[in-house]
Every structure is written in structure tokens, then in C-alpha cells.
Amino acid sequence: MLDKNYNAGEIEKKWQDYWEKEHIYKFDKNSKKENYVIDVPPPYASAGHLHVGHALHYTQFEIIARYRRMKGFNVHFAPCFDDNGLPTEKYVEETLKINKNTISRQEFRKLCLKANEEVEDLYRNRVFKRLGHSYDWDLLYTTIGKEAQKVAQTSFLRLIKQGDCYRTEEPTIWCTYHQTALAQAEVEDVKRKTKLNYINFKLENGIKINVATSRPEFLAACVGIFVNPEDERYKNLVGMNAIVPIFNQKVPIMKDEKVDKEFGTGIVMICTFGDNTDIEWWKKHNLPLKIIIDKTGKLNELAGEYKGLTLNEAKEKIIERLKHEKILINQEDLEQTVGGCWRCNTPVEFIVTKQWFIKTISYKDELIKQGRKINWYPDFFRVRYEDWIKNLGWDWCISRQRHFGVPIPVWYCDKCEKILLPNEQELPLDPLDVDKGKCKCGGTFKADPDVFDTWMTSSMTPQIATRWLESPKEFKKKFPASLRPQSQDIIRTWAFYTILKSYLHFKEIPWKDISLGTFVLDPKGRGMHKSKGNAIWADELLDRFDVDTFRYWVGKAKWGSDIPYKEEELMAGQKFLNKLWNASKFTLMHLENYDYSRPEKLEDIDLYFLEKLNKVIREATENYDIYNTSDANKAVEHFFWHDFCDDYLEIVKDRLYNPDSRGAESRKSAQYTLYIILDSLLKLFAPIVPHTTEEIYHVAFAKKENRKSIHLSSWPEESYIEGEMLEERGSLFVDILNKVRKYKADNKKSLKDNIILTIDGKSLDLLGSMLEDLKAVTKSKEVRKGDFSIDF
RNA sequence: GGGCCCAUGAUCUAGUGGCUAUGAUGUCACCCUUACAAGGUGAAUGUCCCCGGUUCGAGUCCGGGUGGGCCCACCA
């Protein structure tokens with residue numbers, strides 16, 4: 001019997017400890033049940049905090065894990081941390097106040113690893129455990145861990161072997177601040193104000209033409225001039241040469257359809273490289289290469305007297321000089337959007353370096369086909385995936401000039417540039433730790449100092465989580481995984497690269513389902529960002545709200561769409577839990593001394609409510625199966641609150657409190673119905689509010705069902721119901737009940753006031769045996785036959 | 001510029017061609033009814049963003065606007 005008042009705080013801690021101690025969520029590899037593998041997104045532990053959006057999303061698919069476990073699956077739910085790459089480097093540099101360039105890579109890596117361990121512990125205890133998450137912590141992996149490194153490096157070696165990974169010297173997107181190459185996916189829009197400069201170029205015959213450019217600092221790198229072939233003004237220029245001001249190199253004037261006649265003067269200079277279009281034209285028209293910047297973004301000797309200046313310094317000086325020499329004839333304000341590094345917003349540059357690439361462009365069609373074999377929830381996000389693929393312009397650059405990451409396992413001969421690769425058995429390794437001696441040519445093998453793009457590892461989370469290389473036999477049973485839950489903003493990276501890798505390695509999809517989670521906005525509907533100062537942190541939230549209250553709110557969030565964070569809506573959860581507690585308390589009070597057997601005959605009104613329960617079970621199950629937790633939860637809650645509490649509990653009070661009036665069998669029918677409905681409801685709510693349901697379940701049914709936890713019990717099934725016209729008769733019953741309530745409210749009477757009820761003959765016949773219950777719940781001291789009326 | 005999503009009482013929301021448009025929060029009135037006043041019973045609040053079209057019938061389908069959000073591209 002539940003004899004206490006609801007106290008969420010007490011319950012939480014108790015069951016979290018119990019679950020951990022009893023290994024409730026352990027993945028059983030010998031189980032005969034079907035596997036359900038969730039490809040969990042590894043959170044960045046190094047950020048130090050998780051905001052409410054993360055907490056919501058992580059809880060959202062944790063609810064699915066609980067549902068599937070109860071549904072009879074062997075759920076593989078591996079916790080993980082992404083501790084690889086830039087965010088960790090930044091965190092370590094900031095908190096320890098050190099500069100990574102002043103210590104060795106090995107030493108810096110050690111510091112990063114230590115920092116990770118500390119933060120991850122904090123996360124595990126302060127966030128995931130507190131949220132009541134049902135991970136099997138024995139399955140934990142980190143993206144810098146041995147298995148992850150081995151997977152990433154093995155993938156690299158195998159892709160080289162099969163010709164899908166290559167090293168080449170190409171113009172590469174480059175961040176001059178972080179001094180590393182970037183992938184297309186790491187470039188984000190940066191808006192900036194600049195000037196469009198109208199600069200005169202002389203032709204060989206002395207005529208002047210005017211070129212508009214926002215980047216005069218690139219004049220030294222100018223290798224050509226373009227006009228639109230349709231442009232009448234400049235048709236005669238094509239084929240001539242122009243002389244670049246200051247630097248005096250002769251460059252050809254050519255035509256290309258991509259030139260916008262309306263922009264500037266309609267004459268464009270092309271430099272290697274100012275932007276994407278430059279690269280395109282440079283390739284298309286076979287122009288010479290003139291790289292004038294180094295890796296830090298400073299000008300080199302090709303820029304003559306401007307050598308050593310940053311791009312911005314050079315720009316200023318060059319504009320000054322152009323003005324002075326009256327070559328710059330006009331300046332206009334220009335608002336432009338340029339690509340910037342996703343971490344530091346520094347506008348990206350293009351330089352030519354040797355980098356490793358994985359082929360993507362040549363597999364576009366196949367990748368779209370793979371995407372269509374996967375179920376997308378909601379389906380329209382597949383379009384975004386396909387659009388991204390269609391617009392891809394580059395293969396995937398996977399090498400990064402960084403310290404903390406998975407090392408690229410390769411050595412180069414410093415004389416003949418021969419590439420030396422390790423054997424797979426040697427992995428994982430850091431080539432800096434291994435001396436590979438001399439090359440045949442007499443040169444020495446030098447380790448590659450670079451590391452992989454962090455997505456090189458993350459793209460293989462389904463393989464890492466299920467220990468692809470460690471236990472290949474078991475891996476086969478877990479791949480493809482069942483579900484990838486993720487957020488929609490990384491479709492172009494995480495989802496895309498994961499599908500790519502699975503295709504290249506296995507010709508297989510990585511998971512059957514991908515479901516896009518909910519995005520939490522601030523109360524005004526804007527995205528939450530640390531930098532905007534409007535983020536609400538998960539641990540602060542949990543200091544103010546009970547976990548099940550928070551989880552109830554999560555249960556209402558619709559996958560794939562945004563939800564604003566509003567505290568009032570969290571309050572609804574507190575009301576709900578209190579209601580659930582009290583309804584359970586009432587029910588269990590009346591189940592004392594009841595033997596839980598099904599009586600020979602159930603009252604018709606009881607059958608009607610059991611039939612309603614069946615419908616709700618069906619609806620909830622169908623919705624859970626398509627990750628529609630919000631509709632599932634809504635249906636169950638409506639049944640619980642309005643059908644079960646408001647109607648059914650009121651209806652059976654008479655039979656429960658006055659066993660003599662209707663007989664023992666009739667009371668037992670009510671008890672059986674109460675038992676079935678409460679037991680089912682607790683289980684239907686268990687994924688959403690695991691602590692509260694666990695507490696009630698243990699008081700009520702755990703012993704009887706011989707289960708250690710409600711989360712190890714099975715999902716409710718529809719019970720067998722047989723009765724005539726239950727739906728019509730039950731609806732009529734509830735309809736009359738509502739009319740009586742309204743009549744009493746209109747007449748300002750208490751609901752317990754007695755009435756005389758007059759019902760037409762047809763309805764009386766239809767109600768049949770339900771009439772006794774109707775009489776009791778409406779407090780009718782008398783029921784007459786005639787036109788419907790209610791009298792006091 | 002391209003793509004995707006969205007627009008329903010004050011607020012959030014259901015609605016996948018068919019009676020009178022769903023539910024929740026808030027507001028108001030009434031009811032202490034032996035689980036719960038953190039409750040119950042009711043009431044008021046809507047030109048379903050606008051304009052056309054398809055249809056016997058449109059909140060729902062189609063076309064075109066308007067306004068928001070997201071993703072992508074981009075001007076030298």
C-alpha cells in the first residue's frame with residue numbers, strides 16, 4: 001500500500017542506486033532476444049556543461065531504449081564521449097593555461113586524456129545518472145580510446161588499399177588561425193562588411209579597364225581576367241593581356257559564363273586563391289599557380305615588398321598605394337558572406353598543401369541510394385541529406401594539422417617521398433612513437449605529424465560501439481544498428497560520413513532507422529548558445545526540477561521539430577506525477593487482500609474501460625515504433641487522467657466502498673479492472689517517468705510479477721475482451737454521466753447531491769446491467785422511464 | 001538565389017478531403033466529492049495568415065503571395 005505522499009527527490013536517488021547496483025540495464029550478449037542497437041551520439045565532454053537541449057535530446061532516445069527493452073529486445077545502449085579534437089585542445093589550453101605549441105604532442109596528449117577522464121566522470125554522475133539514463137556503462141567508449149583509434153586507423157588503411165583514400169596536393173580550405181586544413185562541412189557563413197574596390201588595369205595597348213574586387217591584397221596572385229561572353233561592352237577585350245597594377249604581371253583576358261555582368265564592372269580578376277570560384281576557373285582554364293600566403297595567412301616572397309604582412313595589413317597598404325597612384329578610382333560598401341572556420345570564425349583561405357582525402361564525389365549516386373534504404377523520421381530530412389550530397393564539390397579532406405586526435409599512421413621518406421604504411425596488427429599506433437629506419441633510397445622515414453578529422457572516428461560509431469574489430473562475430477549480429485538518433489544540424493557531417501563509411505567498407509547501410517531529435521529554443525524562440533548567454537544548463541535545471549518532471553516534459557516534445565523552453569510547461573509534469581501517485585494510492589488501497597485472479601464474469605462497464613485500455617495500448621505502441629513519443633504519451637495520459645481518473649475511479653467507488661450493495665463478485669470485477677489498468681498504465685509511463693513508476697510498481701506489482709524492476713517487465717498487451725455493443729453502451733453511460741455533472745454545476749449543486757433520473761426506454765434497454773453503476777455514480781436515488789430529464 | 005519546415009482561441013497544440021474544429025495552459029463561475037484543491041464540474045474566447053483553383057464538400061489537396069524558422073550556395 002502506498003501510504004506516503006509523493007516525494008520525488010527521495011525516490012530518484014534510491015532507484016538510481018538500485019538500478020546501478022542490480023545491473024538492470026546490462027546488455028546480455030548471450031541473450032536469445034533480438035538485438036536493438038542504438039548508435040548513441042558521443043557528447044563533447046570537454047565543453048564542461050550540457051545544456052537543456054542536449055539533456056532533452058539524450059533523454060528523448062533514452063526513452064526509446066526503455067521502450068524497446070520492455071518490448072522484449074536485447075537493447076545495446078552504449079554510453080560514449082567525444083573527447084577527440086579541437087574542443088578538448090581548447091579546453092586544456094584554457095584551463096591549464098598552456099600553449100600546445102610549446103610542448104610535445106605526446107605530452108599535450110597526456111594532459112588532454114587526463115582532463116577528459118575528470119570531465120567524463122562528472123558527466124556520468126552529475127548528468128547522465130541524474131537524468132535516470134539506462135546505459136550499460138560496461139559498454140562505454142570514447143573517441144580517443146584504443147578501440148576507436150584502431151577503427152579509424154584500420155578504416156584509413158583499408159580505404160587506401162581499395163583506392164578510396166588518397167594523398168594529393170590540392171588547393172585546400174585552410175584556417176589561418178588554427179593552421180589546419182578543413183573539410184567543406186567545417187566551413188560556416190560569416191557575414192562581414194567590406195569595400196568593393198574599383199581598380200584600373202592597363203592593357204598592352206595602353207587602354208585602361210576597370211576591375212572591381214573586394215580583395216586587392218590578392219593582386220600579386222592574379223593570374224587572369226574574366227568577362228561574360230555575352231557582354232557587348234567587353235567582347236573585343238577577350239584574347240588581350242592586361243597588366244596587374246603594382247606587381248606588373250601580364251595576365252590574359254578570358255570569357256566565362258559564370259561572370260555576372262551586373263556585379264561591379266562586369267570584369268573579374270582571378271587570383272590563386274581568393275575564393276571557390278577562383279579554384280573552379282583555375283582548374284577549368286588551366287591557369288598558372290601563384291600562392292602568395294603561407295600557413296599563418298601572411299604574405300610570402302611572391303608579394304614582393306609586402307612579404308611578412310598579414311592579409312589585412314597588406315590590404316590596407318595596397319589600397320593606400322592604389323589611391324595614391326590614382327589607380328583606385330572608387331570604393332563601395334559591400335556586405336558579403338564568406339566562409340569561416342566553424343570554431344573561430346576566421347575567414348577561410350585556400351592554400352595548396354598535401355592532404356589525405358576520402359572519395360565522396362564519385363559515389364554521389366550510390367550514397368543517395370543508400371540514404372533511401374534507411375527510414376528517416378521525419379522523412380523530409382532525407383531531402384536535406386540528398387541536397388547536401390548533390391552540392392558536394394570536394395572529396396573529404398581527412399587530415400588535420402592538430403595535436404589531439406587520432407594520429408595518421410603513416411611515414412614518408414624524406415628523400416624520395418615514399419609512403420610507408422603499418423600493418424593492421426600494429427594498430428592503434430602513433431607514428432611519432434615508432435622509428436621506421438631508412439628507406440631503400442637512403443632517406444629516412446619521418447612520421448606524419450597530422451591527425452584525422454574528428455569525423456574520421458565519429459563516422460564509425462556504429463562499428464566502435466559494437467566492437468567491430470574486437471569481436472567480429474558478435475559485431476555481425478549488431479550491424480546494421482537499429483537506430484541512429486541525432487540532431488538535424490549534423491546531417492551533412494555525422495549522418496553523411498557514417499553512411500559513406502558503411503558503404504565503402506561494407507556496402508551496407510549503418511542503421512535501419514535514423515531519427516532526428518528535438519531542438520530546444522529559449523522562451524523567445526531563439527537557439528540556445530553559450531555565447532548568447534541564453535543557455536540553461538542541465539545540472540542547474542535538475543537542481544530546480546525533479547528528474548521525472550523534466551522527463552515528462554521531454555516526453556511531450558515532438559521529434560524533428562523545435563520546442564521553446566518554458567518553465568510553466570515543466571510545472572505540468574509536477575501535477576501529472578502527483579496525480580499518478582494519488583490515483584495509484586487510491587487503487588492500491590482497494591487492492592488489499594485481493595488475490596489478482598480474474599473473476600468468472602466481469603461487469604460490462606468494466607469491460608468497456610478495459611476495451612478502451614486496449615485501444616490506448618495499441619495507439620501508444622504504434623507511435624513508439626515510429627519514434628512518436630509525444631503522441632504515444634499524449635494518448636496514454638488522456639486515458640489515464642480523463643477516462644481512468646475522472647470517470648472510471650468515480651464509477652467504481654460505490655462497488656469498492658459498499659461491497660454489500662452489489663455483491664463480492666461485482667467488487668472483484670472492479671478490483672481486477674483496477675489492477676489491469678493501473679499495471680498497464682505504470683508500464684506505459686515507465687519509459688517517460690522511470691523513477692516514479694518504479695516506486696509504485698515495487699509497492700504494488702513487482703513481487704507478484706516476480707520482476708526486479710518495472711524496466712525489466714514486459715510492455716502491456718491487449719487483453720481479451722468479449723461483450724456486446726460495449727462501445728455504444730459505454731459511450732451512452734459516459735454521456736449521461738456528463739449531462740448529470742453539467743446539470744449539477746449549472747444549478748450550483750454539489751456532485752454528491754441526489755437526483756431523480758429519467759431515461760427513455762431505448763437507452764434503458766441499451767444500458768442494461770450498466771444501469772446500477774450509472775445510478776451509483778450519478779447519485780440517482782431513483783431512475784424513471786420517460787423523456788430524458790434530471791430532477792432534484 | 002536554391003531547398004526544406006511552419007503559420008489553428010491570449011499562449012502552446014491535434015487535425016493525413018466529410019456532421020457543430022482537438023487538447024493543454026491561462027481566464028471566469030461553481031463544487032471541500034471518504035486518492036488528489038498541485039483536485040473536480042462547467043463556461044467564455046477561432047474571418048483555421050491572405051488570394052485564387054480543384055471538389056458535391058477544403059484547416060486539410062494544388063498554384064500564387066505574406067510572415068517566421070532551419071539548411072545550403074554566393075558575387076569576384
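These numbers were taken from a predicted model, which means no experiment stands behind them. Each chain gets a letter, A, B and so on, in the order its sequence line appears, and its residues count up from 1.
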Revision key, fill the gap. Any strand, both distances under 3.5 Å, Watson-Crick or G-U wobble: A24(B) pairs with U11(B)
Check your understanding: Are Tyr385(A) and Trp376(A) near enough that their ring centres are under 6.0 Å apart?
Key -> yes
Point to revise | Rounded C1' spacing from C48(B) to A7(B) in Å | key: 10 Å
**Study point:** Flag for Arg484(A)-Ser515(A): side-chain donor and acceptor within less than 3.5 Å
**Key:** no
Review point. Are Trp388(A) and C4(B) close enough that a side-chain N or O sits under 4.0 Å from OP1 or OP2?
Key: no
Review point. Is the phosphate of A38(B), meaning OP1 or OP2, less than 4.0 Å from a side-chain N or O of Lys575(A)?
Key: no
Exercise for review: Just call it for Phe263(A): base, sugar-phosphate, or nothing, with non-hydrogen atoms closer than 4.0 Å on any strand.
Suggested key: base
Practice item. Would you mind classifying the nucleic acid contact of Met269(A) as base, sugar-phosphate or nothing, using non-hydrogen atoms under 4.0 angstrom? Key: sugar-phosphate
Check your understanding: Under 4.0 Å between a side-chain N/O of Lys558(A) and OP1 or OP2 of A14(B), yes or no?
Key -> yes
Exercise for review: For G52(B) and A14(B), measure between their P atoms and round to the nearest Å.
Suggested key: 28 Å
Review point. Looking across every strand, which nucleic acid part, if any, lies under 4.0 Å from Trp281(A) by heavy atom: base, sugar-phosphate, or nothing?
Key: nothing
Review point. Under 4.0 angstrom, heavy atoms only, what part of the nucleic acid is Leu649(A) near: base, sugar-phosphate, or nothing?
Key: base
Review point. Does the side chain of Asn747(A) get closer than 4.0 angstrom to OP1 or OP2 of C31(B) through an N or O atom?
Key: no
Review point. Does Val689(A) offer a backbone N or O that forms a donor-acceptor pair with the side chain of Arg551(A) under 3.5 Å?
Key: no
Review point. Base, sugar-phosphate alone, or nothing: which one does Arg741(A) contact when heavy atoms must sit under 4.0 Å apart?
Key: sugar-phosphate
Exercise for review: Give none if U41(B) has no partner; otherwise give the nucleotide forming a Watson-Crick or G-U wobble pair with it, both distances under 3.5 Å.
Suggested key: A29(B)
Check your understanding: Does the separation of the ring centres of His57(A) and His54(A) fall below 6.0 angstrom?
Key -> no
Practice item. May I ask you to say what Cys645(A) touches in the nucleic acid, namely base, sugar-phosphate or nothing, with a heavy-atom cut-off under 4.0 Å? Key: base
Review point. Does a side-chain N or O from Lys579(A) land closer than 4.0 Å to OP1 or OP2 of G40(B), or not?
Key: yes
Review point. Taking only N and O in the side chain of His642(A), is any of them less than 4.0 Å away from OP1 or OP2 of G23(B)?
Key: no
Practice item. With heavy atoms under 4.0 Å as the rule, sort Asp489(A) into base, sugar-phosphate or nothing. Key: nothing
Exercise for review: Indicate, with a heavy-atom threshold strictly under 4.0 Å, whether Asp387(A) touches base, sugar-phosphate, or nothing.
Suggested key: sugar-phosphate
Exercise for review: Rounded to whole angstrom, note down the P distance from U8(B) over to C50(B).
Suggested key: 11 Å
Check your understanding: What do the steps show when you test Trp281(A) against Asp256(A) for side-chain hydrogen bond (donor to acceptor under 3.5 Å, both in side chains), and what is the final call?
Key -> CA-CA 8 Å; Trp281(A) 283 336; Asp256(A) 194 287; 3.1 Å; yes
Practice item. Using the P atoms only, state how far A43(B) lies from C51(B), rounded to an integer number of Å. Key: 32 Å
Check your understanding: How about Tyr672(A) and Tyr594(A): are their ring centroids closer than 6.0 Å?
Key -> no
Review point. What interatomic distance, in whole Å, is found between P of U20(B) and the corresponding atom of G57(B)?
Key: 15 Å
Check your understanding: Taking Val652(A) as the fixed residue, which of Thr673(A), Asp606(A), Asp647(A) is the one that meets the side-chain contact (heavy atoms from CB on, under 4.5 Å) rule?
Key -> Asp606(A)
Review point. For RNA chain B, whose closest nucleotide is more 5', that of Ser750(A) or that of Asn391(A)?
Key: Ser750(A)
Exercise for review: Provide the distance between the two C1' atoms, one in U27(B) and one in G3(B), to the nearest whole Å.
Suggested key: 43 Å
Point to revise | Between U47(B) and C31(B) - C1' atom distance, rounded Å | key: 37 Å
Practice item. Give His590(A) one of three labels, base, sugar-phosphate or nothing, depending on what nucleic acid heavy atoms sit under 4.0 Å from its own. Key: nothing
Review point. So what does Asp278(A) touch, heavy atoms closer than 4.0 Å: a base, only the sugar-phosphate, or nothing?
Key: nothing
Study note, to complete from the structure: Contacts of Thr587(A) and Glu569(A) projected onto RNA chain B by closest heavy atom; the upstream (5') one is Glu569(A)
Exercise for review: Taking atom P in both U13(B) and G17(B), compute the distance separating them and give it to the nearest angstrom.
Suggested key: 22 Å
